[in-house]
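Everything on this sheet refers to the single structure shown next.
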Protein chains: 2
Amino acid sequence: MLNIRDIAKLAGVSPATVSRVINNSANVNEEKRQRVLEVLEQTGYKPNALARGLLYNKTFTLGVVVPDISNINFSEFVKGIEKEARQNSYNIILMTSGNEPEREVECFEILKEKRVDGIIFAGTILTDRHKQHLDNSNIPFVVFGQDFEYKSLISINLDNLKASYDAVRYLYSKGIKKVAMITGPLWDKSAGYDRYIGFLKASIENGINQRDLIYKDGDFTITSGYENMKKILEQDRVEAVFAANDFMALGAIKYLLDNNIKVPQDIKVVGFDDNPIAKIYTPSLSTIKIDFYNAGVLAVKAAIKCLDGIGDEKRIPIEYEIIERQSSI
Amino acid sequence: MLNIRDIAKLAGVSPATVSRVINNSANVNEEKRQRVLEVLEQTGYKPNALARGLLYNKTFTLGVVVPDISNINFSEFVKGIEKEARQNSYNIILMTSGNEPEREVECFEILKEKRVDGIIFAGTILTDRHKQHLDNSNIPFVVFGQDFEYKSLISINLDNLKASYDAVRYLYSKGIKKVAMITGPLWDKSAGYDRYIGFLKASIENGINQRDLIYKDGDFTITSGYENMKKILEQDRVEAVFAANDFMALGAIKYLLDNNIKVPQDIKVVGFDDNPIAKIYTPSLSTIKIDFYNAGVLAVKAAIKCLDGIGDEKRIPIEYEIIERQSSI
DNA sequence: TTGTAAGCGTTATCAG
DNA sequence: CTGATAACGCTTACAA
């Protein structure tokens, strides 16, 4: 591949002049400028970003670590990141972690080697190894999906507890006697634990004795929604079920329909996420919609502000909205 | 950030020795090696990949350009790419093009600047500007989704014509008199035109006069499936409909159900893609399943083979499979 | 076994 | 307005 000296030779000038033309800086003789531009055009020369990066100590690249890109939430998130990054002339290196803390840290180390300017990380837990890495790395970090405060971390988060609380309150507002819940794994602080606590809080406020509360913990899959709905009905005849994500909610509905229990007439169901399926399914699923795309945009904005030294906010909230559909009317 | 000279000083050795330890090459005194390793550990030092890349003229980075990452097909594709890349110690720079040829070429140029080792590109058309770029770029290219032969391009493709042909034949094999089709935009060579041609071929083979063929061109959205199903029924009472993707097929089913036409009893429907919704919808949707994840894996394998100079195949086929579900039983 | 120095491709500085 | 030079961080040939 051609370098700047090759171009200089072809145009009969010095590398410095070529550089000046490329960065259209300073004063350069018009005739020479034209000669250089012509050569540039003909050769399709592109400056080596590695060399530039080495010099400026800046790569215009952001690292992005998400658990699973084929999950629609994260692909929307990444889409927002990529769009906003591009608009600010940044690119992204995408890595997936499968939600394994080991691999997450591995990703951070690789991204550090590649000298990304910042890292956007969607994860569920912040282990000591994560912190250790953060300690000897001065790369700006934007964390999505958990609200840990740690040093200079910027965190973008949904108030999972409140969203869940609102969803359950919404169900009680319909005159329901008792709402059951299918939770996620409770070690998952955001989508597991916090959503469970919101449920707990709303239930107690509606006069349910904590000992009578009915909830089962699933793993976010359709199957676990199906199974847990079964378990719940074996235990008590509830009037409504709130699931920590849409897949489990859909699994629950499927179990109900399979057993000739009508949704929403007999049991109302509310999910979480607004997966595209929620809208299309019959009955369509009421749910909590989170704008992941926008979360991605905000994450990049925060990262870049931080890089440009005009950073300020450390905790950026993202909005949610209860979408009422057939499953809970 | 620390550099190799800082480490050298801290360990009381020369940069060369540190380098030797890092790349555990050559002979280095055991005691010094230990000293260096200790400093490495304490400081969390990571070598600068930019400097290395500059030296070796190799970045261990692949560029990936897809139309839209939030489309499940492409996110599966990217997932496969990322997994296989990682396994070979490559990373990926992800860019999205929105299927706009202008932006595609823009992506290529940026990736060239970043000196990626190879580019994996999912697109629908190869314009002159694409070719021009390819001409003065010697980066290995793997193209997914179109079977253009151009110079050293490696192309991974589904035989869309044949898959579509098989789907329509499958419907005729059920004793259907006439199959209608909702196509994609015909300028889209792979998912639009080729799938239409497969339909045409199978129809003619089953005794349909080309003039009597019924097809409408949609734009891959649910809405366009809905609208076009309506138009088809206004024109003729068909017994089956084949849609160029699942969204249009689902839109068609929705229209049928809304008008009390039973699926599959009255009209059978087959889609294309095996979108996750296809399996869950009621009635579940028969479709053609393509393994995008595996396509991603194959794309990376081909790219790396090419980089290592052991490249051979230029055209790599990917498999498909007809999935029979309720909508066409 | 170890250290010194050149070079990868670019740009900023400085001298002309 | 222009060109030579040093420097970014790393590795490797060469010399010690």
Side-chain angles (χ1 to χ4, degrees), chain A residues 1-37 39-40 43-61 89 110-117 137-139, chain B residues 1-37 39-40 43-61 109-117 137-139:
Chain A
M1 198 157 325
L2 296 173
N3 64 26
I4 203 170
R5 255 166 298 151
D6 298 322
I7 303 300
K9 259 178 222 158
L10 286 170
V13 297
S14 77
T17 298
V18 177
S19 176
R20 282 189 271 257
V21 172
I22 291 172
N23 302 289
N24 50 24
S25 67
N27 314 329
V28 78
N29 176 286
E30 188 52 29
E31 189 205 349
K32 288 192 179 176
R33 153 170 272 120
Q34 288 308 327
R35 276 218 309 273
V36 171
L37 284 175
V39 175
L40 250 32
T43 54
Y45 166 83
K46 291 286 165 200
N48 187 325
L50 271 58
R52 276 186 170 166
L54 193 53
L55 200 57
Y56 291 138
N57 198 22
K58 165 112 194 168
T59 54
F60 283 97
T61 305
S89 14
I110 293 172
L111 291 171
K112 183 176 177 184
E113 279 196 28
K114 297 237 165 164
R115 296 297 192 265
V116 294
D117 298 325
S137 156
N138 52 347
I139 303 176
Chain B
M1 198 156 325
L2 295 175
N3 65 27
I4 203 171
R5 253 164 299 151
D6 298 322
I7 303 300
K9 259 179 224 158
L10 286 169
V13 298
S14 77
T17 298
V18 177
S19 175
R20 282 189 270 256
V21 171
I22 290 173
N23 303 288
N24 49 26
S25 66
N27 315 329
V28 69
N29 176 286
E30 189 53 27
E31 189 205 348
K32 290 193 179 177
R33 150 170 275 120
Q34 289 308 327
R35 276 218 309 273
V36 171
L37 285 175
V39 176
L40 252 29
T43 55
Y45 167 82
K46 291 287 164 196
N48 185 324
L50 271 57
R52 275 188 170 165
L54 195 54
L55 200 57
Y56 290 137
N57 199 22
K58 164 114 193 168
T59 54
F60 282 97
T61 305
E109 307 209 316
I110 293 171
L111 292 170
K112 184 177 177 182
E113 279 196 26
K114 297 240 165 160
R115 296 299 192 265
V116 295
D117 297 326
S137 156
N138 53 349
I139 303 177

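No experiment lies behind these values; they were computed from the predicted model shown. Below, chains carry the letters A, B, ... as their sequence lines are ordered, and counting in each starts from 1.
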Under 4.5 Å between any side-chain heavy atoms of A/L54 and B/L54, yes or no?
yes

Are A/V39 and A/R35 packed together at the side-chain level, in the sense that at least one heavy-atom pair is separated by less than 4.5 angstrom?
no

Starting at NZ of A/K9 and ending at P of D/dT2, how long is that distance when rounded to a whole Å?
20 Å

Can you tell me the distance, in whole Å, between the CG atom of A/D6 and the P atom of C/dG9?
8 Å

Would you say that B/N48 contacts B/N3 through its side chain, given a criterion of any heavy-atom pair below 4.5 Å between the two side chains?
no

Nucleotide by nucleotide, 5' to 3', does protein get under 4.0 Å of the base (B), only the sugar-phosphate (S), or neither (-) in nucleotides 3-16 of chain D, counting heavy atoms?
BB--BBBBSB----

Are any non-hydrogen side-chain atoms of A/T61 and B/K114 less than 4.5 angstrom apart?
yes

Can you find a pair of side-chain heavy atoms, one from B/N24 and one from B/R33, that are under 4.5 Å apart?
yes

